[in-house]
Number of protein chains: 2
Amino acid sequence: MSESPTSTVSAIVHALADEVSAGALPAGARLPAQRLADRFGVSRFPVGQALRVLAEHGIVVATPGRGFFVAPEGRLPAAALSGRRKPDGLSAVYFAMAEDRLAGRLPDSISGAALRERYGLSRGQLGQLLDRIAAEGWAERRPGYGWRFSAVLTTPDALEGSYRLRLAIEPASLLEPGYRLDPALAARCRAVEEGMLAGGIERASSDALYERGVRYHEAIVGASGNPFMLEALQRVNRVRRLLVYRTLVDRQRFYRQAREHLAILDLLEAGRREEAAEAMRAHLGAVMESMAAARPLLETGR
Amino acid sequence: MSESPTSTVSAIVHALADEVSAGALPAGARLPAQRLADRFGVSRFPVGQALRVLAEHGIVVATPGRGFFVAPEGRLPAAALSGRRKPDGLSAVYFAMAEDRLAGRLPDSISGAALRERYGLSRGQLGQLLDRIAAEGWAERRPGYGWRFSAVLTTPDALEGSYRLRLAIEPASLLEPGYRLDPALAARCRAVEEGMLAGGIERASSDALYERGVRYHEAIVGASGNPFMLEALQRVNRVRRLLVYRTLVDRQRFYRQAREHLAILDLLEAGRREEAAEAMRAHLGAVMESMAAARPLLETGR
DNA sequence: TCTTGCATTTCAGACGTTCAACATGCAAGG
DNA sequence: CCTTGCATGTTGAACGTCTGAAATGCAAGA
């Protein structure tokens, strides 16, 4: 606990905690470092560190000289650890910047030095951040010095445009030859949606609701096996998050969305893909309409 | 001529050379540095350098103390300069790397140091390159060290998948509300296509043919005003270039393409967008079929 | 033989420095 | 008055160094 785990190590820690917590790794299961290393695509070194961290939390037990095993009473601490991932520090700045920008607190044009000053970033951090933002399309380098924020995202049309792209891609993805929705994945999606209907919508933060929707749609489109379609959707979703932050969410409409998500899953699992595509079209159209109703909120600013 | 022009300066040089060559800037026109600087969004400094370069080429004349003017006989050297842009050094490595990868000369997994060694790159250069490649989706950082090339692009399906994304996006873009094709842009597109039919197809390199097609489609989709659709198309086109390099082009089919391009322009300018969308669908479908016929070539490797 | 634990080697990111390129203010001239 | 030319201040990218982290090889033990 004294050490601050690096990204790789903590990723492994959380992945294993998840599996123990979910019961995928039963108590007493052996955990050979080499096996785990292969699975995560890393060497045994960070795996060993991760196991030591897990041992400190009582999730696994170390038998000196013989290896690591899942602790008999490991599921509880695993569940505790599984929840709280440390938030990326840079992401916080990213959202702060997006918020500042959308609220009009950042000028159209600004130098990198000014941004570093404002957000307290090092050179490298600012570089990463702005590269990411530039890739998402809401800022670009100016010739010469500095950066220019593009006006695209501040217009109310932007959100609508993002939905129209989804309307073009998502139904089409369901009709891709070779479409195959993994049953296990479908079951997980179904469980999430049903959990939402059974009270989850009230409990979840609006951030979590957005995440859930994104994951559902990306899973459905990803099953098409067309990486270009999936990537286009992922990109538009990353930007859409910024826009959605500024709309008030009507929690009621998430019930309808969840039911529609389930209906689409039903159709897909029954192999009725044309109907599923039509349902997806209707679903997105409905979401778009309910969004258009909330549109005045966008224009008033914060 | 002795100096090696920086990117900003050479961009201005070529932009001005283009305008002089096209006759947009008539002989004797005055070229105030401040005006040009505002137009390009930079300061007077690089503009002054660019003007000096143009003076060396005889495209403009400097009247000491009074400023720069387009040279009476400036159009010829301008046309000469307008053609040959200096190719980005990093781009050459990029294509070499793509070529090596698609030909199987690069392993699935490789460390950054090995890549730097192989292509003679500095740390920063390799970073830029791999970030770009990662953004395009054909390589990704491995946890730990090194990079992993994704298998996606080496499969023959990839090219087909890229067309199916375009098939979803492009016709839809023509039906976007607010679609407006700038008449001047339409005229330029038309001129290019007609030039192609009138012998341009035989003269152009296959690289130029690809460029021409991309520009046409991106112009058409860009007129939708939906930045998400345009960006999705641009991204898929960047990757598609790599795949197309490995297919043999049948020059004959470009005649048919050019005619279809013109027919779509006709429909758009007549405001018959639904029909244009349908024609675009048919056009892409035809291209995809002719590509499928060439598919065995992809599988044999170089 | 397979495993862990340790030591060595390799690697890439962070940091600070240097330098070329750009912005800007000012003086001089048409 | 507007323009150019020059001098000064600012910015960001390239380079080299350094440090922490990961890969790898090897020995010991179950």
Side-chain angles (χ1 to χ4, degrees), chain A residues 3-12 30-38 40-52 55 60 62-69 90 109-117 121-128 130-131 141-147, chain B residues 3-12 30-38 40-52 55 60-69 89-90 109-117 121-128 130-131 141-147:
Chain A
E3 67 228 69
S4 76
T6 67
S7 59
T8 304
V9 171
S10 87
I12 298 172
R30 194 166 188 186
L31 298 169
Q34 187 61 59
R35 201 77 52 81
L36 295 173
D38 292 344
F40 290 110
V42 299
S43 74
R44 284 166 17 223
F45 189 85
V47 171
Q49 286 184 302
L51 287 172
R52 216 158 304 148
V60 306
T63 311
R66 297 211 44 234
F68 290 88
F69 301 86
L90 218 54
S109 189
I110 189 171
S111 83
L115 283 173
R116 266 183 26 210
E117 163 87 17
L121 297 173
S122 80
R123 206 166 315 232
Q125 291 172 321
L126 186 77
Q128 281 183 268
L130 283 177
D131 285 347
R141 330 186 64 82
R142 262 189 4 191
Y145 300 159
W147 296 79
Chain B
E3 68 229 68
S4 76
T6 66
S7 59
T8 303
V9 171
S10 90
I12 298 172
R30 194 164 189 188
L31 298 168
Q34 186 61 60
R35 202 77 53 83
L36 295 173
D38 291 345
F40 290 110
V42 298
S43 74
R44 283 164 19 221
F45 189 85
V47 171
Q49 285 184 305
L51 286 171
R52 217 159 303 150
V60 305
V61 288
T63 311
R66 294 212 46 235
F68 291 87
F69 301 85
L90 218 52
S109 189
I110 188 170
S111 83
L115 284 172
R116 267 179 29 203
E117 163 86 16
L121 297 173
S122 78
R123 203 167 315 233
Q125 291 172 321
L126 185 78
Q128 280 184 271
L130 284 177
D131 283 348
R141 330 186 65 81
R142 261 188 5 190
Y145 302 161
W147 294 79

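For S111(A), taking side-chain heavy atoms from C-beta onward, the closest of the listed nucleotides dT3(D), dT4(C), dG12(D) is dG12(D). Candidate nucleotides dA12(C), dG30(C), dA23(C) were compared by shortest atom distance to the side chain of V42(B), and dA23(C) ranks first. Checked against dT4(D), dG5(C), dA22(D), the side chain of P46(A) finds its nearest nucleotide in dA22(D).
Among all heavy-atom pairs drawn from V60(A) and L51(A), the shortest one is CG2-O, 3.6 Å. For P143(B) against F40(A), the heavy-atom pair with the smallest separation is CG-O, 3.6 Å. Closest approach of I12(A) and A50(A) over heavy atoms only: CG2-CB, 3.7 Å. T8(B) and G144(A) make their closest contact through OG1-N, 4.3 Å (heavy atoms, listed as atom of the first residue, atom of the second, distance).
Axis orientation changes by 30° from one end of the helix from dT1(C)-dA30(D) to dG30(C)-dC1(D) to the other, with each end axis drawn from 5 pairs and the value rounded to 10°.
What separates CG of D131(B) from P of dA13(D) is a distance of 13 Å, to the nearest Å. Computed from coordinates, the Q49(A) CD to dC6(C) P distance equals 12 Å when rounded to whole Å. The separation between R142(A) atom CZ and dA23(C) atom C1' is 9 Å, rounded to whole Å. In this structure, CZ of F68(A) is placed 21 Å from P of dC2(C), rounded to the nearest angstrom. Distance Q34(B) CD to dA23(C) P: 11 Å, rounded to the nearest Å.
Counting any heavy atom pair closer than 4.0 Å across all strands shown, R116(B) reaches no nucleic acid atom. L130(A) comes within contact range of no nucleotide atom at all, as no heavy-atom separation falls under 4.0 Å. Residue L51(A) is classed as having no contact, given no heavy-atom separation below 4.0 Å to the nucleic acid. Using a 4.0 Å heavy-atom cutoff across all strands shown, G48(B) reaches no nucleic acid atom at all.
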Between protein and nucleic acid, restricted to nucleotides 8-10 of chain C and to nitrogen or oxygen atoms under 3.5 Å apart, what atom pairs and distances do you find?
unit_1	atom_1	unit_2	atom_2	d
dT10(C)	O2	Y145(B)	OH	3.1

So which protein nitrogen or oxygen atoms get under 3.5 Å of nucleotides 25-29 of chain D's nitrogens or oxygens?
unit_1	atom_1	unit_2	atom_2	d
dG25(D)	O6	R44(A)	NH2	3.4

N/O to N/O distances under 3.5 Å, protein versus nucleotides 14-16 of chain D:
unit_1	atom_1	unit_2	atom_2	d
dC15(D)	OP2	S122(B)	OG	3.4

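For the side-chain contact (heavy atoms from CB on, under 4.5 Å) test, residues two or more places apart in sequence or in another chain that qualify with V61(B) are F69(B), A71(B). For the side-chain contact (heavy atoms from CB on, under 4.5 Å) test, residues two or more places apart in sequence or in another chain that qualify with Q128(A) are L90(A). Take D38(A) and apply the side chain to side chain donor-acceptor pair (under 3.5 Å) test, not counting sequence neighbours, and it matches Q34(A). Applying the side-chain contact (heavy atoms from CB on, under 4.5 Å) rule to R116(A) yields the partners L121(A), R123(A), L126(A); only residues at least two apart in sequence or on another chain are considered. In this view, R142(B) and S109(B), R148(B) satisfy the side-chain contact (heavy atoms from CB on, under 4.5 Å) rule, not counting sequence neighbours.
Not one side-chain nitrogen or oxygen of R66(A) sits closer than 4.0 Å to the OP1 or OP2 atom of dC2(C). Put simply, T8(A) has a side-chain N or O that comes within less than 4.0 Å of OP1 or OP2 on dA22(D).
Of the residues near DNA chain D, T63(B) and G112(A), the one whose nearest nucleotide (by heavy atom distance) lies more toward the 5' end is T63(B).
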